[in-house]
Amino acid sequence: MNRIEVLFSTKKKNILSIYFTSGFPDLNDTKTIIKHLDNSGVDMIEIGMPFSDPVADGPVIQRSSEKALQNGISLSLLFNQLSQAREITDLPLIIMGYINPVFKYGMENFLLKCREMSIDGVIIPDLPPEEYLKSYATLFKKYGVINIFLISPQTTDERITYIDSIAEGFLYIVSTSATTGSVNHFDKAQIDYFKRIKALNLKNPSLIGFGISDEVSFHKACEYANGAIIGSAFIRALEENGPSIDNINQFVRKIRD
Amino acid sequence: MNETFIADKDGYYGDFGGAFIPEMLRQNVESLRAVYHDVIESAEFKKEFNMLLTDYAGRPSPLFLAKRLSKKYGARIYLKREDLNHTGSHKINNTIGQILLAKKMGKTRIIAETGAGQHGVATATVCALMGLECVVYMGETDMIRQEPNVKRMEFLGARVVAAKSGNKTLKDATNEALRDWICNPENTFYIIGSVVGPHPYPDIVTKFQSVISEELLYQLKAKEGVGNPDYIIACVGGGSNAAGIFYHYINRKNVKLIGVEAAGEGIKTGRTAATITVGDAGIIHGSKTILMQNEDGQITEPYSISAGLDYPGVGPLHAWLSKTGRARYMNATDTEALTAAYELTRLEGIIPALESAHALAVLGKLSFKETDLVVVNISGRGDKDMLAYTDAKKLFP
């Protein structure tokens with residue numbers, strides 16, 4: 001069983017997944033950050049592979065991606081950095097990034113590497129379900145890597161049900177019509193949207209992401225989903241205080257409180 | 001090889017096209033895809049579109065036999081005068097079409113990206129005409145080098161927002177426009193200016209620009225008694241003016257179609273925007289196409305003196321026309337384009353846009369017969385480029 005599936009079968013509530021950009025703040029911080037996140041008690045880790053043109057991201061992740069690329073991160077280097085990741089963590093690991101670097105690397109090569117590095121899932125926001133099914137679904141199955149799909153406030157009930165039917169692992173519920181890191185507190189329309197999804201009784205568990213930044217928004221999100229994903233707020237903490245064990249522990253502890 | 005050049009239902013031209021968009025944009029793009037075909041084929045739409053093209057934009061654009069230019073290059077060279085359209089370029093053909101679509105869909109806010117500012121001006125213009133809010137994203141570098149167009153957009157009532165990432169040019173402006181659309185899905189219509197972006201945009205923009213080749217068919221017939229020229233030459237950034245003038249000739253295989261990309265300082269210098277020459281397959285701004293990238297799949301920053309051609313991708317139609325060999329893609333450097341602009345100005349009294357000057361710059365690289373009929377698309381006028389032309393004085397005799 002894939003580690004993502006194990007996690008969701010054993011834990012139903014308050015799942016915390018943290019996103020960070022690989023190669024940031026320093027090129028070789030990737031392993032350190034994974035180790036400290038594991039130690040701090042998060043449930044899942046999303047490793048961002050930077051892209052030059054991240055259209056779904058707000059300023060914070062744009063800035064970290066630009067810095068990471070300047071530092072010299074690349075997909076091959078990221079795979080090198082991840083080669084000993086399984087010596088330091090048993091948490092589910094997800095790689096998140098845009099389609100073009102993966103396309104250039106070659107999807108099959110990419111998935112082969114993911115399997116070698118025991119990466120459990122992939123999130124590629126600009127690879128829609130239609131293109132995934134047409135060209136890549138068979139390859140993902142072959143290498144045992146789960147492709148995670150997104151749901152947005154504009155997604156119709158009919159389409160949510162369709163995406164749920166082809167999805168595995170969990171559904172990534174984008175909380176708001178915005179790029180990453182934009183808002184802080186959920187308004188009524190967002191809560192209605194979360195309720196609408198909950199009422200559909202989907203087969204997959206779900207995590208809410210985008211705009212989750214502190215303990216208040218985390219716990220609110222956990223009322224409507226199995227947990228939540230935090231990215232920009234964590235990147236900001238790394239920007240301000242670096243990837244030390246104390247800083248990462250403190251960040252995670254504050255969210256969990 | 002599949003040699004149809006019409007987008008299929010998923011927006012593919014052979015290997016290229018599609019809609020690689022995040023779920024946050026899906027509903028926007030899907031609602032457009034669901035209606036665009038029926039809307040633009042409806043009698044009501046056609047009537048209003050054609051009326052505005054004629055009475056507002058000033059179409060048909062003239063087809064002019066450039067005698068002194070013809071003499072110099074030893075062929076019969078015609079210029080398709082898109083520079084004479086209202087707002088000064090072919091871009092108005094597309095913005096009129098898309099603003100009518102936006103109104104039909106009940107959208108109240110318009111966004112656009114722009115490089116040289118020609119699409120931005122054309123968008124700001126139709127927004128003023130229809131009384132709709134308009135926001136134009138433009139790279140900070142381009143706002144400086146095409147300043148007259150920034151002033152025009154603002155005078156027309158648009159808000160021009162500077163894109164400050166990357167090289168601060170067209171690619172970066174497009175990223176910002178896409179982010180705006182993600183954040184404002186309900187009231188906003190994104191008027192894309194070229195044959196790029198996710199399906200159905202390449203098809204929509206190609207159809208609206210195809211008025212150029214539709215006119216060319218009957219204009220050539222009237223002037224020369226034949227429908228087909230031997231060559232059609234157009235510059236290619238994203239490729240909308242080229243798509244428009246190629247359109248009705250794509251299946252007339254004896255017409256040589258030539259796209260001209262911006263070589264910048266030269267295709268081997270690394271300071272270039274000649275995507276088809278130096279690029280390879282990838283995905284940019286929602287479309288699988290040919291793009292400039294490094295070995296790790298990061299998009300390379302392009303360079304050209306011409307803001308309208310300074311783009312690291314190309315429309316999927318052009319990627320497919322190139323791959324199948326149906327069209328040939330050449331390139332011209334900054335210096336060659338500047339020289340060609342000067343030459344047209346002094347031989348014919350027409351100051352072309354820097355973009356269009358790239359198309360003129362290959363006339364000397366082709367070997368014509370005296371009887372060859374050649375059509376060059378003058379996609380825009382050069383008023384906006386007077387700063388660059390004045391700076392380049394030393395190149396001219």
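A note on names: the letters A, B, ... follow the listed sequences, proteins ahead of strands, and every chain is numbered from 1.
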Calculate, to the nearest 0.5 Å, the distance between atoms CZ and OH belonging to A:F186 and A:Y193 respectively. 10.0 Å
I want to check something: taking the side chain as every heavy atom from C-beta on, are B:E261 and B:L309 in contact at a cut-off of under 4.5 Å? no
Measure the shortest side-chain to side-chain distance between A:V60 and A:T180 over non-hydrogen atoms and say whether it is less than 4.5 angstrom. no
Check whether B:D180 gets within reach of chain A through its side chain, its backbone, both or neither, counting any heavy atom under 4.5 Å. neither
Below 4.5 Å from any heavy atom of chain B, which atoms of A:L78 appear? Answer side chain, backbone, both or neither. neither
Please flag which part of B:Q293 lies under 4.5 Å from any non-hydrogen atom of chain A: side chain, backbone, both or neither. side chain
Please classify the contact of A:I99 with chain B as side chain, backbone, both or neither, using a heavy-atom distance under 4.5 Å. side chain
With only heavy atoms counted, which part of A:R159 is less than 4.5 Å from chain B, the side chain, the backbone, both or neither? side chain
When rounded to the nearest 0.5 angstrom, what distance separates CZ in A:F110 from NZ in A:K113? 12.0 Å
Interface residue of largest heavy-atom contact number with chain A, from B:P185, B:A281, B:G18, B:G286, under 4.5 Å: B:P185
When heavy-atom pairs shorter than 4.5 Å are enumerated against chain B, which of A:R63, A:K134, A:Q62 gives the highest number? A:Q62
For the residue pair B:H318 and B:Y329, categorise the inter-ring angle as parallel (less than 30°), tilted (30 to 60°) or perpendicular (more than 60°). perpendicular
Chain A shares the most heavy-atom pairs under 4.5 Å, among B:A19, B:S165, B:P198, with B:A19
Pick one of side chain, backbone, both or neither for B:L291, based on which atoms fall under 4.5 Å of a heavy atom in chain A. side chain
Is A:Y105 in contact with chain B via its backbone, its side chain, both, or neither, using a 4.5 Å heavy-atom distance? neither
Geometric cation-pi criterion A:R115 and A:Y143, 6.0 Å radius, 45° cone: no
So A:Y132 and A:F140, would you call those rings parallel, tilted or perpendicular, with 30° and 60° as cut-offs? perpendicular
Relative to chain B, which segment of A:P54 carries a heavy atom at a distance below 4.5 Å: side chain, backbone, both, or neither? both
When the 4.5 angstrom heavy-atom criterion is applied to A:I151 and chain B, the contacting part is backbone
Between the main-chain N or O of B:I283 and the side-chain N or O of A:N100, is there a donor-acceptor pair closer than 3.5 Å? yes
Using a 4.5 Å cut-off on heavy atoms from C-beta on, say whether the side chain of A:F20 contacts that of A:I34. yes
Contact part of B:E301 toward chain A, heavy-atom cut-off under 4.5 Å: side chain, backbone, both or neither? neither
Give, as side chain, backbone, both or neither, the part of A:I124 having an atom under 4.5 angstrom from any heavy atom of chain B. neither
With a 4.5 angstrom heavy-atom cut-off, which part of B:R26 approaches chain A: side chain, backbone, both or neither? side chain
Does any part of the side chain of A:D126, heavy atoms only, come nearer than 4.5 Å to the side chain of A:V55, both counted from C-beta? no
